[in-house]
Amino acid sequence: MNEEHEVLEELVALYAAGSLREADAAKAREHLGMCAACRADHRELAAVAGLIGYAAENDAAEHELRLTRIKRRLLRRIGGDAARATDGAGTRIPWWQQARTAQFAFAAALLLAFIAVLANSTAQRQVHHAEVAVQFADAQADSAALAALRTQQQLAAVIDPEARRYPVPGGLIVARGDRLYLALTHLPAVSKDHAYQVWTLPAGDKKMKPGTTFLMNSAGIAFVGLPDRASETVVVAVSIEPRRGSPAPTTKPLFVAPLRS
Amino acid sequence: MEDIDALLRLVRARDGAAFEVLYDRFSRLVFGIAVRMLGDADTAEDVVQCVFLKLWNAPDSFRGGNFAAWLARITRNQALDHLRRRARRQTQELAADLPDAEHLDDLIASKFQARRIRQALAEIPDEQRLPIELGFFGGITHEEIARRIATPLGTVKTRIRAGLQKLRHSLRDEVAI
């Protein structure tokens with residue numbers, strides 16, 4: 001191997017790592033087009049570089065609700081496509097109906113134009129109020145649907161025969177797949193300034209990590225989905241803390257449950 | 001890998017449920033990369049949406065290999081576009097997109113869980129991991145990395161290369177290639 005080739009090998013490695021400016025990346029590509037050995041090296045290094053993203057996967061743990069919201073938005077967006085795909089070729093509208101539809105559309109457009117001409121500021125205000133009302137209703141529906149979805153997921157976890165269950169005073173910790181849930185009842189009452197707070201110990205760590213706070217519902221039950229991965233969590237604990245949560249436990253935990261035997 | 005292939009076949013047939021399974025499995029990876037690169041959860045949200053819409057609209061753009069690594073690459077490239085738009089208002093030069101990889105990751109992914117990959121990353125010496133992660137998540141060139149960590153350019157190049165080779169070696173120990 002000559003010195004020039006060694007320089008190119010280094011360039012190829014930097015290209016695989018994605019840290020070259022475009023002009024140097026073009027040089028690396030040109031060399032890869034001519035050198036089979038470097039092509040093989042690059043193929044492996046680039047594959048490894050793509051996996052570096054896993055270093056950040058845990059950064060998403062505190063954004064579970066956001067991810068659920070994105071999912072709902074995506075599913076709504078693709079919903080039409082998916083439905084059209086199941087329709088096959090779709091339903092053909094006969095030409096006379098198309099014509100009727102066109103006539104109706106034309107008449108509707110005329111009517112709308114007429115209304116627009118007559119519109120005054122009062123009407124505009126009404127439209128604005130209507131839009132706000134629709135947005136508000138949509139937000140309420142979103143929030144209700146999200147709550148329903150979460151409850152369904154939590155219930156599914158509790159009744160899933162495949163889920164692993166860890167009894168704790170006042171209920172269960174449930175591990176379903178890589179998700180963790182708390183299903184609790186009969187916890188000691190808390191004052192209005194306090195809440196229950198979850199603590200988790202990630203594998204390999206020595207310090208408990210502060211988690212979400214929660215309250216019992218009016219029936220005295222709490223279902224809580226934890227953002228932590230079951231496979232990477234070795235201990236779950238719950239304590240009573242100030243309502244907004246605490247960075248470190250301030251009371252003796254209600255329970256401390258190891259998740260592995 | 002086989003179940004990913006089956007899910008992708010279903011996505012190509014416009015199966016929303018299969019798409020949802022892929023989202024559940026990989027959205028944390030995609031969001032994690034985006035939020036670390038951009039430092040802003042709202043823009044990261046846009047990136048997640050773009051990446052998964054790309055998956056839905058053009059599932060054939062994944063041409064085999066490790067699906068997670070492919071998603072990571074397109075996420076990184078998408079986030080890099082955002083960083084480039086920001087940088088236009090500044091003067092910083094950003095790195096080129098991550099190149100397409102082929103099939104080593106095919107072998108890796110079928111055997112490895114995310115945890116094992118993170119463990120392999122953690123085993124790289126800090127002095128090598130830091131410039132690699134700065135390049136990946138910061139989307140910056142090795143010249144810029146050298147400037148930021150106040151290290152000679154030649155040393156940075158050597159460390160990036162050595163770190164990637166070590167990572168490859170570490171993953172290879174577990175997988176027969």
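Using a 4.0 Å cut-off between charged side-chain N and carboxylate O, B:D24 and A:R179 make no salt bridge. Ion pairing between A:R66 and B:D42 holds under the 4.0 Å rule for side-chain N and carboxylate O. The pair B:R161-A:E10 does not count as a salt bridge, with every side-chain nitrogen at least 4.0 angstrom from each carboxylate oxygen. Classification of A:R73 and B:E45 as a salt-bridged pair holds, one side-chain N sitting under 4.0 Å from a carboxylate O.
Using a 4.5 Å cut-off between heavy atoms, A:D41 touches chain B through backbone and side chain atoms alike. If you measure heavy-atom distances from B:E143 to chain A, the contacts under 4.5 Å come from the side chain alone. Looking at B:L53, the atoms closer than 4.5 Å to chain A (heavy atoms on both sides) sit in the backbone and in the side chain alike. With a 4.5 Å cut-off on non-hydrogen atoms, B:T158 touches chain A through its backbone and its side chain both.
Across all their heavy atoms, A:A60 and B:G32 have their closest contact at CB-N, 4.1 Å. Closest approach of A:A49 and B:F136 over heavy atoms only: O-CE1, 3.4 Å. When all heavy atoms are compared, the tightest approach of B:L121 to A:I52 is CD1-O, 3.8 Å. Looking at every heavy atom in both residues, B:A68 comes nearest to A:Y54 through CB-OH, 3.0 Å.
Rounding to the nearest 0.5 Å gives a distance of 14.5 Å between NZ of A:K71 and CD of B:Q49. Within the model, atoms CD of B:E144 and OG of A:S19 stand 12.0 Å from one another, a figure rounded to the nearest 0.5 Å.
When each of A:G204, A:S231, A:A55, A:A13 is scored by its heavy-atom pairs under 4.5 Å with chain B, the top score falls to A:A55. With chain A as partner, the option from B:I160, B:L164, B:I33, B:V30 having the largest number of non-hydrogen pairs under 4.5 angstrom is B:L164.
Looking at heavy atoms from C-beta onward, A:L74 lies out of side-chain contact with B:W56 at the 4.5 angstrom threshold. Within the 4.5 Å cutoff, the side chain of A:L20 has no heavy atoms near those of the B:T141 side chain.
Residue-environment remark: CD (A:E30) stays at or below the threshold of 12 foreign heavy atoms within 6.0 Å.
Judged purely by atom type and a 3.5 angstrom limit, B:Y23 uses its side chain to pair as donor or acceptor with the backbone of A:L67. Under a 3.5 Å cut-off, the side chain of B:R28 and the backbone N or O of A:A56 do not form any donor-acceptor pair.
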Test log, rule side chain to side chain contact (heavy atoms under 4.5 Å, CB included), inputs B:F52 and A:I78: CA-CA 10 Å; B:F52 281 94; A:I78 70 161; over 6 Å; no
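For B:D60, the side chain to side chain donor-acceptor pair (under 3.5 Å) partners at least two apart in sequence or on another chain are B:R12.
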